[in-house]
There are 2 protein chains.
Amino acid sequence: MRVLLVEDDRVLGAAMRDHVTASGHAVDWMQRLDDAELALSTVNYSLVLLDLNLPDGRGLDLLRGLRARGSDVPVIITTAMDQVAIRIEGLNSGADDYLVKPFDLSELTARIAAVARRYGGSASPGIVIGAVVVDLGRRTVTVDGKPETLTAREWRLLERLLARRGAIVTKDEIEEALYAFGAEIESNAVEVYVSRLRKKLGRDFVVTSRGLGYQVPA
Amino acid sequence: MRVLLVEDDRVLGAAMRDHVTASGHAVDWMQRLDDAELALSTVNYSLVLLDLNLPDGRGLDLLRGLRARGSDVPVIITTAMDQVAIRIEGLNSGADDYLVKPFDLSELTARIAAVARRYGGSASPGIVIGAVVVDLGRRTVTVDGKPETLTAREWRLLERLLARRGAIVTKDEIEEALYAFGAEIESNAVEVYVSRLRKKLGRDFVVTSRGLGYQVPA
DNA sequence: ATGTTGGTTTCAGCCTGATGTCAGGTGGGG
DNA sequence: CCCCACCTGACATCAGGCTGAAACCAACAT
């Protein structure tokens, strides 16, 4: 994989670059946003590691710009412990996953591996569930052949459910996947998103097990 | 999977053991390091849960010894919130993942599942009882290959019975497992749920011992 | 500034199926 | 043969889940 690392801290950046390189990926390390933007416009990356603590704090703009341009490259953001708000905003803006500083480098590789697995690199055959075809790599869904569009949160929910297809996934589990750790939710948001997914993908796409959780049939 | 749990705290240890057992794994719980060493030298575990707060603080030595001997069994370490240094050292010494106390039990199962997935072994192989196959981790059951759905209470009952497969479980024991402590019940609810389980999983799945309790054959 | 758009979050009322209870039936054991 | 423990179909209840709509919020256009 080709990875773009955007991190202004020299020590941390170097450590991350070395670690990711050691995991067998090609890393381009940019310390400034405009360099990163330039790199993104010229190279096709398979993953972006984005620090949201950049001095000018405009890391989010880069992410938004990416998504606005229709790019679906996976983005993992890093934030400091206390920046829950920023983290949430990052997820809302289309980030795929996040890491809280200080994080362990092994954790970093784990997340990268997860992303790689999820987006299957070369082969993204498309998962078929009845009339629904999901392509996680390209971020597309079709229902009865007609393309359907999902929002960021809906994707995260769908991914979580498909990651354990056939198994029952608890609400807590989904909540953890949908929202940054530490960010509490004070409503039935999970139910709402399940409802939305059903409206788009079909009533029977997700089945409810009262008191246990949700499940997409194997 | 066969899991070695090394934890000196009685309460936490018991809770962890029960939880992991309920996920469908066999657990050996050691409260002292030398017992753990002995167990490791005689049994082939597929996962080790290692507390690094052990009184003599030599949990790390166990880990290092393991790796020195060339063992590649996955190890998840647990440390207290503030012991960042120890955690890092643990990872450097060959741990695969870590949990920061206090952690949530659901988080524990998630990590275990992740480790299991990473090492190819299915997290929950499925318990086989005649025509019935139970996967506690995924919350799925099949009878003669056909999927069957259980309700929350039915799962609780099933888990209780399987946790002591082959042994006779008293009604009181079941009642305690089915209902929150203190919430008493004023009917033959246990009998009713056994009946419902039988209807779904087969008449002979549960055997009655009049006056003693119930048992699922080994 | 102001409005528009699109996503997210919350709320309230409706709906449904899991649950606890009971009553009548079954059968093992003394 | 007669207990008494256990089984099981039926049913009312209500917690848990569903969903339309409104409030909210950030980004963007006017």
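Below, read A as the first sequence line, B as the second, and so on, with proteins coming before strands; counting in each chain starts at 1.
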Protein-nucleic acid N or O pairs under 3.5 Å, nucleotides 23-27 of chain C:
residue	atom	partner	partner atom	Å
C:dA23	N6	B:Asn188	ND2	3.3
C:dG27	N2	B:Arg210	NH2	3.1

request  = Verify the contact: side-chain N or O of B:Thr208 to OP1 or OP2 of D:dA5, cut-off strictly under 4.0 Å; return yes or no.
outcome  = no

Salt-bridge present (A:Asp34, A:Arg32; N to O < 4.0 Å) = yes

Cut-off 3.5 Å, no hydrogens considered: what does the side-chain donor-acceptor table look like for residues 198-206 of chain B, sequence neighbours left out?
residue	atom	partner	partner atom	Å
B:Arg198	NE	B:Val206	O	3.1
B:Arg198	NH2	B:Val206	O	3.0
B:Arg198	NH2	B:Thr208	OG1	2.6
B:Lys200	NZ	B:Thr149	O	3.0
B:Lys200	NZ	B:Glu154	OE1	2.8

task = For B:Arg203, answer base if it contacts any base atom (sugar-phosphate contacts may also be present), sugar-phosphate if it contacts only those atoms, and nothing otherwise; contact means non-hydrogen atoms under 4.0 Å.
result = sugar-phosphate

remark   = Taken to the nearest whole Å, CZ/A:Arg198 to C1'/D:dT19 is 11 Å

Whole-Å gap separating C1' (D:dG17) and CG (A:Asp172) = 15 Å

message = Please confirm whether the shortest side-chain N or O distance from A:Lys199 to OP1 or OP2 of D:dC18 is below 4.0 Å.
response = no

ask   = Quick one: do A:Glu173 and A:Arg164 make a salt bridge, cutoff under 4.0 Å?
value = yes

query = What's the CG-P distance between A:Leu157 and C:dT9, to the nearest Å?
reply = 13 Å

message = Rounded to whole Å, please give me the gap between CZ in B:Arg153 and P in C:dT21.
response = 11 Å

inquiry  = Any side-chain N or O of A:Tyr214 below 4.0 angstrom from OP1/OP2 of D:dC18?
reply    = yes

Short side-chain N/O contact to C:dG17 OP1/OP2 from B:Thr151, under 4.0 Å = no

note = Rounding to 0.5 Å, atoms CZ (A:Arg210) and OG1 (B:Thr151) come to a distance of 11.5 Å

ask   = Between A:Asp96 and A:Arg156, is there a side-chain N and carboxylate O pair less than 4.0 Å apart?
value = no

query = B:Ser195 side chain: which of C:dA18, D:dG20, D:dT8 is closest?
reply = D:dT8

Audit row: A:Asp135, A:Val141, side chain to side chain contact (heavy atoms under 4.5 Å, CB included) steps and yes/no = CA-CA 6 Å; A:Asp135 189 330; A:Val141 202; over 6 Å; no

ask   = How close or far is atom C1' of D:dA15 from atom CG of A:Leu212, stated in whole angstroms?
value = 14 Å

Side-chain H-bond candidate by donor/acceptor type, A:Arg87 with A:Thr79, under 3.5 Å = yes

Integer-rounded Å distance: C:dT19 C1' and B:Leu178 CG = 11 Å

request  = Please work out which residues in residues 161-169 of chain B have a non-hydrogen atom less than 4.0 Å from an atom of DNA chain C and list them by number.
outcome  = none

request  = Tell me, please, which residues at least two apart from A:Ser93 pass side chain to side chain donor-acceptor pair (under 3.5 Å).
outcome  = A:Arg64

query = At what distance, to the nearest 0.5 angstrom, does CG of A:Leu38 lie from CE of A:Met30?
reply = 7.5 Å

inquiry  = At less than 4.0 Å, is any side-chain N or O atom of A:Tyr179 found next to OP1 or OP2 of C:dT9? Yes or no.
reply    = yes

note = Expected string for nucleotides 21-30 of chain D under the B/S/- scheme (protein heavy atoms, under 4.0 Å, primed atoms plus P, OP1, OP2 as sugar-phosphate) is ------S---

ask   = Between atom CD in A:Glu191 and atom P in C:dT9, what is the gap in whole Å?
value = 15 Å

ask   = Any Lys/Arg nitrogen of B:Lys171 or B:Glu176 sitting under 4.0 Å from an Asp/Glu carboxylate oxygen of the other?
value = no

note = Rounded to the nearest 0.5 angstrom, the CG-CG distance for B:Leu150 and B:Leu197 is 6.5 Å

request  = Would you mind reading off the distance between B:Lys171 atom NZ and D:dC4 atom P, rounded to a whole angstrom?
outcome  = 15 Å

remark   = With sequence neighbours left out, the residues meeting salt bridge (charged side-chain N to carboxylate O under 4.0 Å, His left out) with A:Asp9 are none

